[in-house]
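Indexing begins at 1, ligand by ligand and atom by atom, following the structure's order. Heads up: numbering here begins at 1 and tracks the sequence. Fair warning: this is a prediction, and the values are worked out from it, not measured in the lab.
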Amino acid sequence: MTNQKEVLQPLRPGKLGIYVCGPTVYSYVHIGNARSFTSFDTVVRYLRYRGFEVTYVRNYTDVDDKIINAAKEQGEPAQELAARFVREFEADARAMHLLVPDHSPKVTETIPEILALVQKLVANGVAYEAQGDVYFEVGKWPGYAKLSKRNLEDMQASERATTGEQKRAPLDFALWKAAKPGEPSWDSPWGKGRPGWHIECSAMASKFLGETFDLHGGGLDLIFPHHENEIAQSEAGFKKTFCNVWMHGGFLDLDGAKMSKSLGNVVRLRDALTQIDAEALRYFFLSTHYRSPLAFTDKSLADAESRMEYFYETLRKVDARTSNQDFGAGPLHGDPSKWVTDFEACVDDDFNFAGALGILSGLFATMNELMDKPPVKDKPMIGRTLKALRAVVGKISLVLGLFEDEPGAWLLRRRDRQVKARGIDQAKVEALLNDRRAAREKKDFAASDQIRDALKAMGIESMDTPQGTTWKVLG
Ligand code: AMP
Ligand code: ZN
């Protein structure tokens with residue numbers, strides 16, 4: 001509200017109520033939506049990690065013009081289409097490792113609360129009925145535009161052309177819309193109709209979090225009019241502050257423009273996840289501050305996945321060196337807890353996950369140095385330190401939603417994706433590796449080197465490890 005960073009002071013000690021505007025379920029979500037949901041998912045994870053008891057609410061808009069239009073086009077009842085895309089969203093959210101919110105209310109399940117709030121607004125003199133519609137009268141609410149800081153007169157001038165017949169003033173907005181034939185509708189004191197878009201979030205937030213709550217999130221595009229209208233409805237209805245802190249996420253851009261269904265420049269999340277690992281996509285999203293724009297390119301995704309490969313390879317090596325090993329008690333090299341302190345200091349400052357990923361890089365570089373160029377000779381000390389650093393990775397990665405996989409399994413899936421994408425003949429690779437093994441057994445190192453070069457020409461690197469020979473796709 002102040003356009004500044006604010007100290008998050010819980011309304012009730014140790015507890016936080018968080019509301020995030022969820023998807024309108026008329027189609028599959030794109031990776032722009034996924035960026036927004038991943039940012040707030042990570043915020044919730046972090047606040048829980050910090051010890052807060054978080055109640056996390058993310059709604060489904062399952063009644064809306066876009067749904068009605070899509071249903072008409074596809075010849076499917078609107079309610080069925082919406083229910084289908086709720087299920088599809090749930091599958092996508094699972095694939096993206098998003099937490100399941102504590103409450104995921106739908107408009108169709110919140111009609112009594114919506115009607116009660118609209119009635120309250122009419123009773124409070126800030127809303128009026130007109131031919132079965134009900135509108136919020138912006139002129140009666142002096143606090144309007146305090147979030148977006150827009151100038152009411154400028155807005156009125158630009159809205160004039162779109163003034164609806166029923167509205168008294170251009171900026172008034174619909175709380176309830178009279179039913180049109182063939183559309184979903186519910187009984188109300190003003191006849192059959194359905195809710196306007198904004199009212200649902202006011203009704204749902206108060207239903208699950210109370211009339212005032214701690215934190216509200218959504219993409220930048222929602223500041224006006226959606227969030228402005230949520231504030232007006234809730235504060236004019238309940239006569240209380242709506243929420244303490246607002247967080248708005250920057251856009252994911254494709255070819256220089258916001259990724260959006262209306263522009264048509266979208267990449268569906270599920271299509272992206274056939275090309276890239278979900279954790280690598282999370283890494284890509286988190287590598288830029290949540291408020292800043294983020295440009296999507298195929299290269300940036302590929303880079304994110306190679307980075308994840310480096311991380312997972314490091315973890316595999318650390319695990320091979322340390323699991324089921326007892327290094328005894330004793331001093332460590334350096335102070336592993338410093339990484340946790342640095343991580344927390346970074347994220348405490350406006351959820352700087354990008355900075356946190358930088359810290360993670362330092363942590364991985366330290367683990368690699370301990371394994372490859374040990375700065376001390378004391379092997380048990382190195383073992384103990386690696387174990388302690390591995391535990392720090394586990395702690396941090398729970399917050400970021402990364403490294404939830406077993407390293408070997410993750411690396412194998414990455415390799416399978418690369419093999420497929422590049423049309424590599426896996427049987428031929430395995431045959432060459434067998435030939436190379438045979439040549440080495442016969443101590444025919446010239447032949448072995450020749451085969452290694454042939455593999456390299458195919459984009460394959462063979463690696464001899466204590467567990468045997470494995471291979472990876474280069475670059
Ligand atoms: P919608 O289903 O269009 O209401 O969008 C769901 C969420 O995704 C909202 O919080 C939007 O602000 C957000 N969103 C939509 N497009 C983008 C984008 N290109 N980048 C980031 N967030 C977006
Ligand atoms: Zn909303």
With a cut-off of 2.8 Å, does C201 put an N/O/S atom close enough to the Zn ion (ligand 2)? yes
What residue and atom, counting heavy atoms only, is the protein's closest point to atom 10 (O) of ligand 1, and at what distance? G219 N, 3.1 Å
F37 six-ring centre to R58 NZ/CZ under 6.0 Å and within 45° of normal: yes
Looking only at protein heavy atoms, which one is nearest to atom 14 (N) of ligand 1, and how far off is it? N33 ND2, 3.7 Å
Any N/O/S of H226 under 2.8 Å from the Zn ion (ligand 2)? yes
How does L252 reach ligand 1, if at all, at less than 4.0 Å between non-hydrogen atoms: by side chain, backbone, both, or neither? both
Among side-chain atoms of D62 and T108, is any donor-acceptor pair under 3.5 angstrom? yes
Pick, from P23, G32, S36, the option with the minimum heavy-atom distance to atom 21 (C) of ligand 1. G32
N/O/S atom of E200 inside 2.8 Å of the Zn ion (ligand 2), strictly under: no
Can N69 and Y26 be counted as having a side-chain donor-acceptor contact under 3.5 angstrom? no
Can K420 and D416 be counted as an ion pair, charged N to O under 4.0 angstrom? no
For S148, is there any backbone N or O sitting under 3.5 Å from a side-chain donor or acceptor partner on E228? yes
In this structure, atom 19 (N) of ligand 1 is nearest to the protein heavy atom M259 O, 2.8 Å
Report, as yes or no, whether the 6.0 Å neighbourhood of atom NZ on K120 holds more than 12 heavy atoms from other residues, nucleotides or ligands. no
When distances are taken from atom 4 (O) of ligand 1, the protein heavy atom at minimum range is T24 OG1, 3.7 Å
Just jot down the ligand 1 atoms closer than 4.0 angstrom to any heavy atom of F37, in number order. 6 (C), 7 (C)
Charged N to carboxylate O under 4.0 angstrom, R194 versus D65? yes
Among all protein non-hydrogen atoms, which one is nearest to atom 11 (C) of ligand 1, and what is the separation to 0.1 Å? D221 OD1, 3.6 Å
protein heavy-atom neighbour closest to atom 9 (C) of ligand 1 works out as L222 CD1, 3.8 Å
What do you reckon, are the aromatic ring centroids of F40 and Y46 less than 6.0 Å apart? no
Is G250 near ligand 1, meaning one of its heavy atoms is under 4.0 Å from it? yes
E230, N/O/S atom nearest the Zn ion (ligand 2): OE2
Under 3.5 Å: donor-acceptor pair, side chain of S300, backbone of T297: yes
